[in-house]
Structures are given as C-alpha cells and as structure tokens.
Amino acid sequence: MIRRRVVVHGRVQGVFFRDTLRRQALARGVSGWARNRGDGTVEAVFEGEEEAVESLVELCREGPRSARVDRVDVTDEDPEGLVGFRIG
C-alpha cells in the first residue's frame, strides 16, 4: 500500500478532472479524494497498490480530453487507510 498526493496545474477545473479521477480510482480499487483549490489547481490523494496508484498519477499528467496539464507535483506520504474515493 502506498500513498501519493498530487497537485495538478493548468486548465484543470471545469473539465471533469475530479470526476475522471474518481471513476478511474474506483475502477482500480484506489481510495482517496480530489478537490479544486482556490488557485486553480486540482489536488488529489491516492492510496492503494503501487501499480494502481502510479497509473492514476500518470492519468493526472494527461487529464481528461478537455484539460491542459502544465505541471504535476507529486509527494509521497504515509498511507492513512482511507476507504472509498470522494470529491470535495
């Protein structure tokens, strides 16, 4: 089990970014959350098996079709045992 926090910069709000993350996280069995931040970025936390979490981090680098990702900041954190995936 690993945990990654990502902050995605670019045109990432209002393009179904968080919902895409939620659907893909649930499909991969990854727990966590995603939220829009006031500075225009999207922040997300993913917890789960390494391969599944890393696939979501890679998804953040591309985003949904209408997004434009300029940069993704990734931080390793200690897992907290989150259950489910929520959008804030």
Practice item. Show your reasoning for whether side chain to side chain contact (heavy atoms under 4.5 Å, CB included) applies to Leu21 and Cys60. Key: CA-CA 8 Å; Leu21 294 179; Cys60 287; 3.7 Å; yes

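- For Thr20, the side chain to side chain contact (heavy atoms under 4.5 Å, CB included) partners at least two apart in sequence or on another chain are Phe16, Arg23, Gln24, Leu59, Pro64.
- With sequence neighbours excluded, no residue forms a side-chain hydrogen bond (donor to acceptor under 3.5 Å, both in side chains) with Ser31.
- In this structure, the side chains of Val30 and Glu47 stay at 4.5 Å or more apart for every pair of heavy atoms.
- Residues forming a side chain to side chain contact (heavy atoms under 4.5 Å, CB included) with Glu62 (at least two apart in sequence, or on another chain): none.
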Point to revise | Steps toward side chain to side chain contact (heavy atoms under 4.5 Å, CB included) verdict (Asp76, Ile2) | key: CA-CA 8 Å; Asp76 296 338; Ile2 66 168; over 6 Å; no

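- For the pair His9/Val69, no side-chain contact is recorded, criterion being any heavy-atom separation below 4.5 Å from C-beta on.
- Distance alone, capped at 3.5 Å, is enough to place a donor-acceptor pair between the Gln13 side chain and the Thr41 backbone.
- Between Val7 and Val72 there is no side-chain heavy-atom pair separated by less than 4.5 Å.
- Residues meeting the salt bridge (Lys or Arg N to Asp or Glu O under 4.0 Å) test with Glu51, sequence neighbours left out: none.
- The salt bridge (Lys or Arg N to Asp or Glu O under 4.0 Å) check on Asp73 picks up Arg71, with sequence neighbours excluded.
- Nearest heavy-atom pair across Asn36 and Val42 is OD1-CG2, 3.4 Å.
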Please report, to 0.1 Å, the donor-acceptor pairs under 3.5 Å made by any side chain of residues 78-88, with sequence neighbours excluded.
none

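- Hydrophobic cluster membership differs between Met1 and Val74, with clusters built from Ile, Leu, Val, Met, Phe, Trp and Tyr side chains linked at under 4.5 angstrom.
- Partners of Arg68 by salt bridge (Lys or Arg N to Asp or Glu O under 4.0 Å), not counting sequence neighbours, listed by chain and number: Asp70.
- Residues Leu26 and Val57 fall within the same hydrophobic cluster, defined by Ile, Leu, Val, Met, Phe, Trp and Tyr side chains chained together at heavy-atom separations under 4.5 Å.
- In terms of the salt bridge (Lys or Arg N to Asp or Glu O under 4.0 Å) criterion, residue partners of Glu54 (sequence neighbours excluded) are, by chain and number, Arg4.
- Glu58 is linked by a side-chain hydrogen bond (donor to acceptor under 3.5 Å, both in side chains) to Arg61, counting only residues two or more places apart in sequence or in another chain.
- For Arg5, the side chain to side chain contact (heavy atoms under 4.5 Å, CB included) partners at least two apart in sequence or on another chain are Arg3, Trp33, Glu43, Val45, Thr75, Glu77.
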